[in-house]
Every structure is written in C-alpha cells, then in structure tokens.
Amino acid sequence: MSMAQATETASRQSSQENLLLDYVYRLEKHKDGRKAVLVHLSRLKPFNRREHHVRVAANSFEALVKALQGQLFMLKNCDLIFIYKSDAAPDVETAVQRVRFLFSDDPLLAEEAHADDRFSTWLDAESQFDQILNLAQSLVDNELKRESEVRAKMDTRAALKARQELGEPLTPEILTRVEAALTRADLSNLVRRQFACLLGPKGAPEPAFSELFISIKDMRETMLPGVNLTSNRWLFQHLTYSLDRRMLAMLAKTDHITISGDISFNLNVSTLLSQEFLAFDDAVPASRRGHMVVELEKVDIFSDLEAYTFAREFVQERGYRICIDGLTHQTLSMIDRERLGADLIKLVWHPDMVDGGGDIQSDLRALVRHAGENRVVLCRCDDREAVDFGRAIGVGLFQGRHVEHLIAEENRKRELRRLKARIQNN
Amino acid sequence: MANIGNVSTLPDNEAQSEESLLLGQANRIGEAPKGYFAIHVHLSELRPQYRQPHYIRIAARSFDNLTGAHEATLYILRNADMVLICRDVPVGDLDPPILKLRSLFSEDPLTFGAEGSLDDRFTTWYDLAQASDFAGFLAAVEDLVATAEERVRKAREVGDSPQGAMRGEDLTPGNLTEVNERLQGVRIEDLIRRQSAIEVHPGGKGDVVFQEHYVSMFDLRQRIAPEINLFSDAWLFQYLTETVDRRILSVLAQSDFATMRDDISVNLNIATVLSPGFQSFHEKVRDHAARVVIEIQIIDIFADFPAYASARDWLRDHGYRVLIDGLNPLALQFFDPGTLAADFVKVAWNPEFLAGIPDERVSDMRQAVESVGGDGMILARVDSEDAVKWALGLGIQRFQGHFIDRVVDAMITKGII
C-alpha cells in the first residue's frame, strides 16, 4: 500500500460518518435518557453552507460538548447530528434556535411555512433507536457507494473491463468511416418506434405520440461490431449530425400511413437550421407538422442558447412541438420548461429516484407540478416500479419497455374481447 | 458555433447582385411611385452569429406567404439586411411576418426596442409615394450598393491574403487524428498564459483570488495546424481539449505548490478530472489542493451530470475548489447556477448590460448573484470600468478580463496588491 492510499484509508476509517456509526452502536446500551437532533444544513442554499458557515453552526454546540452533555458529528453533506442527554434538552433547543437564526435569510427558513420541520429533526434514542441506527448506517453506506463510484470511474481496471464488455473506444478514424458508411447505408431496418402514453388509473395506455429513433445498439452490431460508439461523448455528439440527416431523409420518404399518429424524433439544434431540415419542412404537408415533436438534448441546447432560441421560434411557428430530452432527477431542478419555451420535457427514470432517500420524491413532485403534469414524459420505464413512481410524483406521460408491454397486453385483451363477441354472435 | 461568416456565401444571382436589382426597381418606381412602400430590415446590426447565412435564409422565409399572395418583392442583401418592396399591400398584412421575424431574433439586442418606438432599430419604413421618403430610400439603397461593392472587393483581397487563408479548412473527424497527434507532441509550456481574477475591496484595494492558467488557442493553432480552423465544430474542438488538458496538467504538475505566490485555476474536462492523469497531478499537489481551483465548462456538466457530481465531490473532498465556467447572461435566464453547488460561478460580461437591456434580464443576473452568493460570483471578460461599477451594484466583487489585467498592473506598480 502506498503512502497516499494509507492516509486515504485512515481518513475514511475516521470519517465523521464512521465515528457516528460506532457511537450509535455503543449508544444502544445507554439509550435511556438520550436524544438526538439532526440539523439539516444540507437543505440550505449552497452559499449558506460553505465551510465557515458549518463551523460557526457547529460552534453553537461547543459549550454543551465541553460540559459533556453530548457529542456532535459534522457530516460530509454539511448536516449536523448532536446526540445528547435529555437533561440538556432546553439548552440544545436554544443552540438549534441560534443556528436557525444564523440562516434566517435562507429561503428554507424565510419562506417555508413549516420551516422548523425542514430545518431540524428531533429523535428520541429510547423509542426511536432503530431510526437513528438506520440513519447512521445509511450515511456510511452512501459514503462508501459514492467513493466506490468515483473510484470505478478512475480505475484502469474498470476501464479495461468496460472495453472488453462494450468494445473498442470510438476514435476519429472510426468516426470518419462510420459517417461515410452512413451516407450510403439504408437505416430503415434500424428504426425503432416506442410510444409515449397517458396511463389512466386502470392502467390502460392511451398513446400520445410515438418516438422514432435509430437503434444505436443495432447500428453498432450491423456496421461496427466491437466498437463502443458512445465511449467518447464529443465524437458521438458529432456522429448524431449524420444520424439526423438520415432520419430526416427517411421521414420525408416514409408514406404517411405507416407512421400514423403523432410522432417524435431527436435532432440537433444545428440540424434545424440546415438546408436538409428546410427541404424536409417543405416536403411535409402543413397539416402533419402539428403532429410532430422535435426532441432536443439539453447539452446541445446549452452549448448555443442563441441558436436554440432562434430554432425554437422557427419550428414552433411552423407547427412542430419541442421536447427537451434527457433530464434526470439531478438536472430537472436546473431547467425551467416554460422559460425555455419547450412544449414537453423527458425525465429519465432511474431507481435512485426511489432509493435516493427522503426529499427526492417530494422535490420531484413539486418540479413536475411546476413543469405541468401532462408536459412531463417519464421515459425508460422498464418495469412497473417506474410507472408507479411516476404516478406518485404526478407524471402524466410514460414511455419505455414496460409501457410497450402494457400496450401489447391491452391489444391482446381487445383481440380476445373481439373474438368473444364474434363467437357469441355466431 | 465559432464559424462566423457573412452573407456573401448566400447563393445569389451570378449576373446581377440583389443590390443592383433593388436599385433597378427603385429607379423604375421613381417614375410612377403611387401605391409603393418599402421596409428596410436592419439585420446587418444583429450580433455576428445571427448574421450567418443559415439564420438569414430561415428569417427570409417569414415573408414567403406575403410575397406569394401580394405584389411584394424581397431582397436579401450581402450585409444581411433585407429590403421588402410592396405595392398596394394592406399595411396590416405586414404585421405577422415582421412579428415572426422579430421573435426569431428575440434574444438579440436589435429587437429589444419596442416596435414603432423611438428605440426601434429593427426596421425603417418608406412611403415611396412621398417625395421625401422616396429620396431617403434611394439614398439608403445607394449606400447598400456601395457597401456591397466594398464587401466584394474586401472579400477578394482577404481571399488572396494570409488572413484569408487563416480561416482555413474545417476541423473534421478526418483531420482530427493528425491534429491531435501534433498536439500531443508539440512544445506547449511557452503557450500557457495567465490571467488574474481579483477581488475588489471598498476603497479600491484588491486581492488576487487566483491566477487562471490557460493555453492560448490562437497561438496553439499557429503552431500545430495553421491551415485548419480548430473552432469550426464545437464537439470536435471539445475532443481536442481533452488532449490539451493532459498537456497543461503535466506542465502544472511541475509547479512548486508550497511556495507559489497566488492560487491557480485551470480549465479541465470532467473526463480529465476522473482520469488517472489527474491522479498523478494530485500526487504532486496533495496538501496544497486548497490552492488549486478547477474550472469546469457548463456544457460538460449538462452532458453528464452524475459525472460532474462525482468529480465535484471528489475534488471538494480533497480540498480543491470548483468553478463553473462558460456561462453568459443569456444562460442565467434559463437555469439557476446555485443548484450546481460549486465554489465559484464565472459569468462572461456583456457590454449589452450597459445599453439598456430589459429589466428582467438584470433581475435574472441579480437572482443568480443571490443564489450563488456574492463571493462566489466572478464576472469575466470585463472590458471597462463601467462594467465593474455595474457589477459592484449587484453585489459582485470578483472580476477577470483585459480591463482587470490593466488594473492589476497598475496595482502592482502602486504596490497595493
């Protein structure tokens, strides 16, 4: 073990999270007459939880610590946990009030009607010991998980493993070859279609539109086995220009019966400003444009906002709708659909939305409401859990393998009913 | 995109330019002007980006319905201006296409003045049946003809000169490998430039917050690929920056972090921060991480937020500070940089702030300052004292840019820094 690794391991072992967990284990035998308070500094605005703020907040408990009334833990996420003897309760309340006062200008405390509940959580070690233990345990687990994630990203072994599983990384030479091949290849057999549906309370899916996309996985298998097309973000982004053009050519050719109903497809902002798109737009009957949704990636939008605002005005005026693709539970809060002038947004389902703990669900519900329930599509719903969660946060539209499954199910039921009716009539 | 061109590449009539056709019609109208009027749309005053041919081409489509249904002719001129000549067209029919045109450019200061108001710089109307209006219009058209001729002459000169060659061929996946290989082998130490960000205190004193270290891309291009325009494609350029990162990190790793006078900052891709190369850099920095600020581009964050979160947390856990770069005032209208939980946010100054921009844009900036915190916000590309005064009024105290470089020089001379 190198020097560096040794110090890192040491610092991990003695992290506040680990110390807290050890302390809670020992607390089990002495939990009578003990209490705990969790001060949620992590919910303050970032500029209110810099290091010096946390230190000042922690100082409020110093006298109590010195008087051996309790033990303070300062967590990575800036939260404070103070575990204390019940006798000291009034002093602890005063200390928490003092901290609260320090941040009284923060929106958390200034605006919230129930700011007290959001700022601090009070627990009784005797009756709520399990809750305290779970909390301490999950803090340590999260810390380990986070570290291992970062480590995995930095790890040569992991990179090697990815290469074996996903293929050789995309290089400029390969990109040149793919782009040349793309101008000739017939991609129509690689086009996939997936429905975005309203799901009524009984679960019967009602299609709102269907997304047409070129399957990157299948394209890779037919054109470039052994190459990981998405390994370099920037080269892949460049490749999407070529894909855009192929998609437009196919959409212009496809006769309109086979792509019935409203459809959506992914394009780059710069493609919307290209000759190819203008030619496509000329070829599409005016009445069809209102049934088409153009999906744009957020990174593309933010790489050139001037181009985006121009392109958005242009295509919306022509009748198309705009959908912002690829939002996650981490980025949803950063983006205001209305301000960006988009008609729809797509939120990518991830199990972390359920496992990520406390506030995520209520935060997401508020964000979905703000964006407009029927303007949010929860996509990549591969299982029932995703749909259930989406319903719980108020999402109106769903897309993904599970939704496809529901559609197939619904079609099968309908077919059965039809057969039954026919048999009865006979 | 960085490829700023002009409209001279629009396909136009080989034999006769739009300008001379326009002048011809104007002269003919002079003989019987009844019922004619003209609208001059000043698109040449848009920001350079919006004057590129693909924008103008789409903008021109706004008049398609009008010219199809009425006796109206649209001229698209070399400088990106448009002139529409109408005969007996109900004036009300002009409102929809002009409104459409204005909304396309709603982010450009050219459209900030309300239509028909004194501040409206977007269009000029001429009632050609009025002698004075007609004379004014003819003079304007003659100006446009002269401007176009001048542009053609210049374009020819530039085309033959070294500056013309400077634009060079586009960066493509085909030439990217070679450029990248040259970049890996080239001497780079002497291309690293420094620029200070300073904090302004009441009474005119200042402190250096950090010195940004960056590679001068202009000089780098001269050295590795003068024949190629490295900035013609945003994504391929971004790919090259991953190599630039490795090169600059290996140079910075030689620094004596214990004794250096000022804290430093360096712009890196998130992929670089998460790479083994950064670990070698970290081996050198170790206990002095608090003296290093890592700048991360906003589009990199939007491309992969979880990667950003990992990189940010790792950096901050190990003592580095994190700065978000690549924001402009327009971006602040669309998202709140405070949610990124970085130590600093850098916003590029835009002189348009001093030229009467709408109030809500100023309030967006004010909100961003509040969300990030005054001591986290850095105003970059500051080019004037007025910019500093304006920003101090919003609670911004940290600055960077050419004007600041001059201030720093003066402070050093006076010994107050």
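In what follows, chains carry the letters A, B, and so on, assigned in the order in which the sequence lines appear, proteins first and then strands, with residues in each chain numbered from 1.
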| remark: Heavy-atom nearest pair, B:Leu104 first then A:Phe314, reads CD2-N, 3.4 Å
| task | Find the one option among A:Ile335, A:Leu278, A:Ile174 whose heavy-atom pairs under 4.5 Å with chain B are most numerous. | result | A:Leu278
| said: Under 4.5 Å from any heavy atom of chain B, what part of A:Arg233 do you find: side chain, backbone, both or neither? | reply: side chain
| field | Beyond-backbone contact of A:Leu175 with B:Leu176, side-chain heavy atoms, under 4.5 angstrom | value | no
| Is there side-chain contact between A:Asn232 and B:Glu242, with at least one heavy-atom pair below 4.5 Å? | yes
| Is there a side-chain contact between A:Glu306 and B:Leu46, using heavy atoms and a 4.5 Å cut-off? | no
| said: Using every non-hydrogen atom in the two residues, find where B:Ser103 and A:Glu313 come nearest and quote the distance to one decimal. | reply: O-CG, 3.1 Å
| request: Can you measure from NZ (A:Lys298) to CD1 (B:Ile299) and round to the nearest 0.5 angstrom? | output: 12.0 Å
| What are the two closest heavy atoms between B:Tyr239 and A:Pro172, and how far apart are they? | OH-CD, 3.4 Å
| message | How long is the straight-line distance from CD of A:Glu317 back to CG of B:Leu99, given to the nearest 0.5 Å? | response | 9.5 Å
| Is the closest side-chain heavy-atom distance between B:Ile301 and A:Val299 below 4.5 Å? | no
| field | side-chain contact (heavy atoms from CB on, under 4.5 Å) assessment of B:Ile58 paired with A:Phe310 | value | CA-CA 10 Å; B:Ile58 289 171; A:Phe310 180 96; 3.8 Å; yes
| Atom CZ of B:Phe305 and atom CG of A:Leu327: how far apart are they, to the nearest 0.5 Å? | 11.5 Å
| Greatest number of heavy atom pairs closer than 4.5 Å to chain A - which of B:Asp108, B:Leu236, B:Thr339, B:Asp336 | B:Leu236
| Are any of the side-chain heavy atoms of B:Phe302 and A:Ser303 separated by less than 4.5 Å? | no
| Rounded to the nearest 0.5 Å, how far does CZ of A:Phe302 lie from CG of B:Leu330? | 9.0 Å
| field | Residue part contacting chain A, namely of B:Asp64, when any heavy atom lies under 4.5 Å | value | neither
| Within a radius of less than 6.0 Å around CD of B:Glu178, do more than 12 heavy atoms belonging to other residues, nucleotides or ligands occur? | no
| Using non-hydrogen atoms only, which part of A:Glu297 is less than 4.5 Å away from chain B: side chain, backbone, both, or neither? | neither
| query | Is any side-chain heavy atom of B:Tyr308 closer than 4.5 Å to a side-chain heavy atom of A:Gln330? | reply | no
| Taking the side chain as C-beta and beyond, is there a heavy-atom pair between B:Phe334 and A:Ile301 under 4.5 Å? | no
| query | Where on A:Ala311 is there a heavy atom nearer than 4.5 Å to chain B: the side chain, the backbone, both, or neither? | reply | neither
| note | So NE2 of A:His238 and CG of B:Leu171: to nearest 0.5 Å the spacing works out to 8.0 Å
| Is there side-chain contact between B:Gln333 and A:Thr309, with at least one heavy-atom pair below 4.5 Å? | no
| query | Can you name the closest pair of heavy atoms from A:Leu273 and B:His54 and give their distance? | reply | O-CB, 3.4 Å
| field | Contacting region of B:Tyr55 [heavy-atom separation from chain A under 4.5 Å] | value | both
| Least distance between heavy atoms, B:Ala303 atom then A:Trp234 atom | CB-CH2, 4.2 Å
| remark: With chain A, the option among B:Asn180, B:Asp317, B:Asn269 that has the most non-hydrogen atom pairs under 4.5 Å is B:Asp317
| field | chain A contact via B:Arg316 - which portion, at a heavy-atom distance below 4.5 Å | value | neither
| field | A:Leu272, part contacting chain B, at a heavy-atom distance under 4.5 Å | value | backbone
| request: Identify which part of B:Ala271 has an atom lying under 4.5 Å from any heavy atom of chain A, answering side chain, backbone, both or neither. | output: neither
| note | In this structure, NZ of B:Lys100 is separated from CZ of A:Arg318 (nearest 0.5 Å) by 7.0 Å
| field | Options A:Thr171, A:Asp282, A:Leu239, ranked by heavy-atom pairs under 4.5 Å with chain B, top entry | value | A:Asp282
| query | Given the options B:Gly374, B:Ser371, B:Ala341, which has more heavy-atom pairs under 4.5 Å with chain A than any of the others? | reply | B:Ser371
| query | What are the two closest non-hydrogen atoms of B:Gly174 and A:Thr176, and how far apart are they? | reply | N-OG1, 3.5 Å
